[in-house]
Amino acid sequence: MKILVTGGAGFIGSHTTLALLEAGHDVVVVDSLANSDVESLRRVSDLSKKTLTFRELDLLDVESLAEVFTETIFDAVVHFAGLKAVGESVTSPLLYYRNNVVGTLNLLDAMIEAGVKTFVFSSSATVYGDSDALPLTEGTPLGATNAYGRTKEQLEGILTDLVASDPAMSVAILRYFNPVGAHESGRIGEDPRGTPNNLLPFVAQVAVGRHEKVSIYGDDYDTPDGTGVRDYIHVMDLAEGHLAALDFLMSQKGVFRWNLGTGNGSSVLEVIRAFERAVGRNLPYAVAARRPGDSAMSFADSSAAKRDLGWSATRDLDQMCADHWRWQNTNPEGYTTSK
Ligand code: UFG
């Protein structure tokens, strides 16, 4: 198939682009490079020994977007492009609504104009908000608690309305839990700009000496060891989930929602211990205050994806940490200085 991948130079986008190329698809990537590096795509090409087409493009640029759809007749669109920092979304909500909601509307307009009916959307477990009905199923009521999460929740609603208006469409909404790890080659991985907000990239940067120690945001939660519990999922499992969803959409019309998680929760301390095993030494950490807005526990019921897509995550926390470490250790400064 010919597939348009938006945000394909980013963390999840680059790994999924690699999986798509390896499965024999033709891929056109559009990415604004606002939070990514085109070096990721050069490495994706190297790893897959396939070429791909890249266009630097912001989804707010409707004219350039229309050109992409006139140059190629796509079978499907996989949409990753978007902003994703929770804290920034609270201080700059309009930036988030413009980029994520308006950007996606522009993309959908261009797609509809070109007659493309198949769409895979990056959503997030953040749409469940603070729900304590664990594990989270696709039927758990939504209730995002910040602007970033609300952009995802609103877009899920928009896609549902769109499919209701056009029964010929096939739309997959994929709710990611906590994506971590890297391709097993160590050549592509997560390269956050500035200080990472997320746990794994921060721990990895401590391991290469870019930060002094890991701060554990609270050890007095109602969890087995008092630290926050999340459902970490290997980015290659996530990438494979997209391929499974695309396959499904080839024979089904409608809108479908799937959690992509492992179904297992790991605490902050368990993650640090697993990363220490990967690195082969202890890492410095200290308990700090809770981070505002964090919930104690979040993990998926991932049985719907298994039932419908025949997909389930196969890589465990030790593999996530080993692969994440291989990437960080061989690219201590991310893409910018590594060759
Ligand atoms: N944590 C620390 N120290 C850190 C960073 C995180 O102790 O330096 C803890 C957090 O308190 C939490 C856990 O590690 O308990 C995971 O935190 P992350 O920031 O890695 O992940 P979140 O679950 O908070 O956030 C992720 C995505 C968001 C998304 C959210 C809900 O990054 O985009 O899941 O789906 F909104």
Side-chain angles (χ1 to χ4, degrees), residues 7 10-12 35 80 82-90 96 99-100 122-132 134-136 138 140 142-153 155-156 173-181 190 192-207 210-235 238 259-262 264-275 283-300 302 317 320-321 324:
F11 174 42
I12 307 171
N35 192 27
F80 295 102
L83 299 176
K84 65 172 186 83
V86 172
E88 183 186 47
S89 82
V90 175
Y96 274 66
N99 270 278
N100 292 6
S122 297
S123 189
S124 165
T126 197
V127 297
Y128 297 118
D130 290 335
S131 176
D132 47 16
L134 295 171
L136 297 160
E138 290 80 357
T140 301
L142 305 189
T145 55
N146 54 65
Y148 161 68
R150 271 189 283 275
T151 67
K152 294 293 179 188
E153 190 177 339
L155 286 163
E156 288 200 11
I173 289 169
L174 303 181
R175 294 177 181 155
Y176 310 152
F177 279 68
N178 289 59
V180 297
E190 186 171 11
R193 298 234 165 126
T195 305
N197 296 312
N198 297 117
L199 180 63
L200 251 290
F202 197 91
V203 172
Q205 290 192 4
V206 167
R210 287 172 66 178
H211 306 282
E212 188 197 331
K213 60 174 188 292
V214 183
S215 296
I216 297 180
Y217 296 144
D219 68 349
D220 55 355
Y221 283 107
D222 186 14
T223 61
D225 65 20
T227 67
V229 167
R230 295 291 183 275
D231 187 340
Y232 297 92
I233 174 169
H234 195 295
V235 64
L238 205 54
N259 286 340
L260 297 186
T262 63
N264 301 314
S266 303
S267 73
V268 176
L269 272 171
E270 285 171 331
V271 169
I272 293 173
R273 297 289 175 238
F275 213 88
L283 297 173
Y285 64 84
V287 176
R290 289 184 179 194
R291 185 171 63 177
D294 271 354
S295 57
M297 240 194 290
S298 161
F299 54 91
S302 51
L317 185 62
M320 297 178 213
C321 291
H324 205 115

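Just follow the structure's listing: the first ligand is 1, and inside any ligand the first atom is 1.
- Here's the thing with N198: one of its N/O atoms is less than 3.5 angstrom from an N/O atom of ligand 1.
- Within the 3.5 Å criterion, the main-chain N or O of Y217 finds no donor-acceptor partner in the side chain of S215.
- The CD atom of E270 lies 9.0 Å from the OG1 atom of T223; values are rounded to the nearest 0.5 Å.
- In this structure, atom 14 (O) of ligand 1 lies nearest to the protein heavy atom V268 CG2, 3.5 Å.
- Nearest heavy atom pair, residue S89 against residue N146, reads OG-OD1, 4.0 Å.
- The nearest protein atom to atom 20 (O) of ligand 1, hydrogens excluded, is given as L199 N, 2.8 Å; this is a heavy-atom distance.
- Expressed to the nearest 0.5 Å, how far CZ of F202 lies from NE2 of H211 amounts to 4.5 Å.
- E156 places no side-chain N or O within 3.5 Å of a backbone atom of I173 that could act as its donor or acceptor partner.
- Less than 4.0 angstrom separates some heavy atom of S124 from each of these atoms of ligand 1: 29 (C), 35 (O).
- Across V271, D219, D294, heavy-atom proximity to atom 11 (O) of ligand 1 is greatest for D294.
- Using a 4.0 Å heavy-atom cutoff, V214 is absent from the residues neighbouring ligand 1.
- Counting atoms of ligand 1 from 1 in the listed order, those under 4.0 Å from a heavy atom of T126 are 29 (C), 31 (C), 35 (O), 36 (F).
- To the nearest 0.5 Å, atoms OG (S267) and CD1 (I272) are separated by 8.5 Å.
- The environment of CG in D222 is sparse: at most 12 heavy-atom neighbours from other residues, nucleotides or ligands sit within 6.0 Å.
- Here the straight-line distance linking atom CG of L155 with atom OG of S124 works out to 12.0 Å at 0.5 Å rounding.
- Close contacts of ligand 1 with A125, meaning ligand atoms under 4.0 Å from a residue heavy atom, involve 35 (O).
- Between the OG atom in S302 and the CZ atom in R175 there is a gap of 14.0 Å [rounded to 0.5 Å].
- Of all non-hydrogen atoms in L238 and Y176, the two that sit nearest each other are CD1-CD2, 3.7 Å.
- Using a 30° and 60° split on the angle between ring planes, Y96 and Y148 fall in the perpendicular class, above 60°.
- Looking only at heavy atoms of the protein, atom 23 (O) of ligand 1 is closest to R230 NE, 2.7 Å.
- Taking 4.0 Å as the cut-off, F177 does not count as a neighbour of ligand 1 on heavy-atom distance.
- A heavy-atom separation below 4.0 Å is not found between G149 and ligand 1.
- Interface atoms of ligand 1 facing R291, defined by a heavy-atom separation under 4.0 Å, are 10 (C), 17 (O), 18 (P), 19 (O), 24 (O).
- Close contacts of ligand 1 with V86, meaning ligand atoms under 4.0 Å from a residue heavy atom, involve 36 (F).
- The contact set between ligand 1 and I216, taken as ligand atoms under 4.0 Å from a residue heavy atom, comprises 7 (O).
- Of the polar atoms of S215, at least one N or O is found under 3.5 Å from an N or O of ligand 1, judged by distance alone.
- In the model, D130 has no side-chain atom that pairs as donor or acceptor with a side-chain atom of S295 under 3.5 Å.
- The shortest separation from a heavy atom of Y232 to ligand 1 is under 4.0 Å, placing the residue in contact.
- Of the candidates L136, L269, V127, N178, it is N178 that places a heavy atom closest to atom 34 (O) of ligand 1.
- Shown in contact with N197 at under 4.0 Å from a heavy atom are these atoms of ligand 1, numbered in order with element: 5 (C), 19 (O).
- Across Y176, Y217, Y148, Y128, heavy-atom proximity to atom 33 (O) of ligand 1 is greatest for Y148.
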